[in-house]
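Below you'll find the structure, written out as structure tokens, and then a few comments.
Here, residue 1 is the first one in the sequence, and each next residue gets the next number.
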Amino acid sequence: MARVGLTTERLVRAGAELADEVGFEQVTVSELARRFDVKVASLYSHVRNSADLKTRIALFALEELADRAADAIAGRAGKDALVAFANVYRDYEREHPGRSAAARMRLDPETAAASAGVRHAQMTRAILRGYDLTEPDATHAVRLLGSVFHGYSSLESAGGFSHSDPDSAQTWTRILDALDALLRNWPTAPTPDRQAEDTGPEQGR
């Protein structure tokens, strides 16, 4: 890479590419400096340290993923939107494992509130409105979908399902069918009286 023309944007994008190659946890300012064939000190006018670099990569990945998701669900509703949305996360994990890991990085509350993570939550809730879920069940469903999308995709990317039949793509399709059925028939929360019965002295022991 050329030594001239370094910008924060260029460094972050290169850091994202590096994450896909070597893993997000292995990304450091010093490794990025080696890629650009420059001294580490020359990068500190653009990023404060490796933690700052990783945060910027996380924000970049969240934005990139949100843009893909928005394009995928445009004009769709119900199961069509759910499947398109889910496939964006699965495809992103397979194409960009390092960036996908970055998108799951824990951010401080202020940074998270200003990130594209908010768009992800808004799109998920927009899809769920087609299933007529109200609070707090809508929040439960948001967490469920995030867990399934990220969890399955990361396990599949790591080869967790490659040694048995059926093919993981078939399982993915069945999982999305099951999620759609669950969302259409979301279980009713027990009433306070029923909860008290279910967690009485015997059950609580």
* Charged N to carboxylate O below 4.0 Å: is that the case for Lys79 and Asp177? -> yes
* Take atom CD in Glu135; do more than 12 heavy atoms of anything else shown fall under 6.0 Å from it? -> yes
* **Closest approach of Arg119 to Ala70 (non-hydrogen atoms, all atoms of both residues)** => NH2-CB, 4.0 Å
* Any donor-acceptor pair under 3.5 Å from Asn87 side chain to Val83 backbone -> yes
* Asked: Is it the case that more than 12 heavy atoms not belonging to Arg13 sit under 6.0 Å from its CZ atom?
  -> no
* Asked: Would Val148 end up clustered with Ile127 when hydrophobic side chains under 4.5 Å apart are linked, directly or stepwise?
  -> yes
* Asked: Is the closest basic N to carboxylate O distance between Arg35 and Glu17 below 4.0 Å?
  -> no
* Asked: Could you give the distance from CZ (Arg99) to CZ (Phe24), rounded to the nearest 0.5 Å?
  -> 12.0 Å
* Do Thr139 and Arg143 get their side chains close enough for a donor-acceptor pair, meaning under 3.5 Å? -> no
* Any side-chain donor near an acceptor of the partner, Thr55 and Asp52, under 3.5 Å -> no
* Determine whether the aromatic ring centres of Tyr152 and Trp172 lie less than 6.0 Å apart. => yes
* Taking every non-hydrogen atom, the tightest pair across Leu32 and Gly15 -> CD1-N, 3.8 Å
* With distance as the sole test, does Ser100 use its side chain to make a donor-acceptor pair with the main-chain N or O of Pro97 at under 3.5 Å? -> no
* Would Ser153 and Glu93 count as having a side-chain donor-acceptor pair, cut-off 3.5 Å? -> no
* From CA spacing to verdict: salt bridge (charged side-chain N to carboxylate O under 4.0 Å, His left out), Arg34, Glu31 -> CA-CA 5 Å; Arg34 280 193 286 273; Glu31 180 60 31; 2.6 Å; yes
* Would you give the length of the straight line joining atom CG of Leu145 to atom NE2 of His150, rounded to the nearest 0.5 angstrom? => 10.5 Å
* Asked: Going hydrophobic residue to hydrophobic residue with side-chain gaps under 4.5 angstrom, can you get from Leu65 over to Leu18?
  -> no
* Asked: So if you build clusters from Ile, Leu, Val, Met, Phe, Trp, Tyr with side-chain heavy-atom gaps below 4.5 Å, do Phe60 and Val88 land together?
  -> no
* Looking only at atom types and distance, does a side-chain atom of His120 sit under 3.5 Å from a main-chain N or O of Leu62, one as donor and one as acceptor? -> yes
* Asked: Checking Asp20 side chain against Glu95 main chain: does a donor-acceptor pair fall under 3.5 Å?
  -> no
* Asked: Could you state the interatomic distance from CH2 (Trp186) to OG1 (Thr134), rounded to the nearest 0.5 Å?
  -> 11.0 Å
* Asked: Which is it for Tyr92 and Arg68 under the side-chain contact (heavy atoms from CB on, under 4.5 Å) test, yes or no, and what are the steps along the way?
  -> CA-CA 9 Å; Tyr92 196 73; Arg68 289 193 181 195; 3.7 Å; yes
* May I ask whether Ile73 and Leu183 are part of the same hydrophobic cluster, defined by side-chain heavy atoms of I, L, V, M, F, W, Y residues being less than 4.5 angstrom apart, directly or through others? => yes
* Structure fact -> On a heavy-atom basis, the closest approach of His46 and Leu6 is CE1-O, 3.3 Å
* To do: Answer yes when Arg94 and Asp91 have at least one side-chain N-carboxylate O distance shorter than 4.0 Å, and no when they do not.
  => yes
* Just wondering, are more than 12 heavy atoms of other shown residues or ligands nearer than 6.0 Å to CD in Glu9? -> no
* **Minimum heavy-atom distance between Leu133 and Ala141, given as atom pair plus value** => CD1-CB, 3.6 Å
* **CZ on Phe85 to CG on Leu176, rounded to 0.5 Å** => 12.0 Å
* Could you give the distance from OG1 (Thr173) to CD (Gln170), rounded to the nearest 0.5 Å? -> 7.5 Å
* Please name the pair of heavy atoms, one in Val38 and one in Leu43, separated by the smallest distance, quoted to 0.1 Å. => CG2-CD2, 3.9 Å
* Asked: Do other residues, nucleotides or ligands put more than 12 heavy atoms under 6.0 Å from Arg174 CZ?
  -> no
* If you look at every heavy atom in Lys54 and Val27, which pair is closest and at what distance? -> CE-O, 3.1 Å
* **Val118-Leu107 co-clustered via ILVMFWY side chain contacts under 4.5 Å** => no
* **Any donor-acceptor N/O pair, Ser50 side chain to Val29 backbone, under 3.5 Å** => yes
* To do: Please check if the side chain of Ser157 supplies one atom and the backbone of Ser154 the other of a donor-acceptor pair under 3.5 Å.
  => no
* Asked: Going by atom types alone, do Asp180 and Tyr131 pair a side-chain donor with an acceptor below 3.5 Å?
  -> yes
* Structure fact -> The reported gap from OG1 in Thr111 to CG in Leu59 (rounded to nearest 0.5 angstrom) is 6.5 Å
* Please report the C-alpha distance between Phe36 and Leu11 in whole Å, then the side-chain angles of each, then the deciding distance to 0.1 Å, and finally whether the side-chain contact (heavy atoms from CB on, under 4.5 Å) criterion is met. => CA-CA 9 Å; Phe36 280 93; Leu11 289 174; 3.6 Å; yes
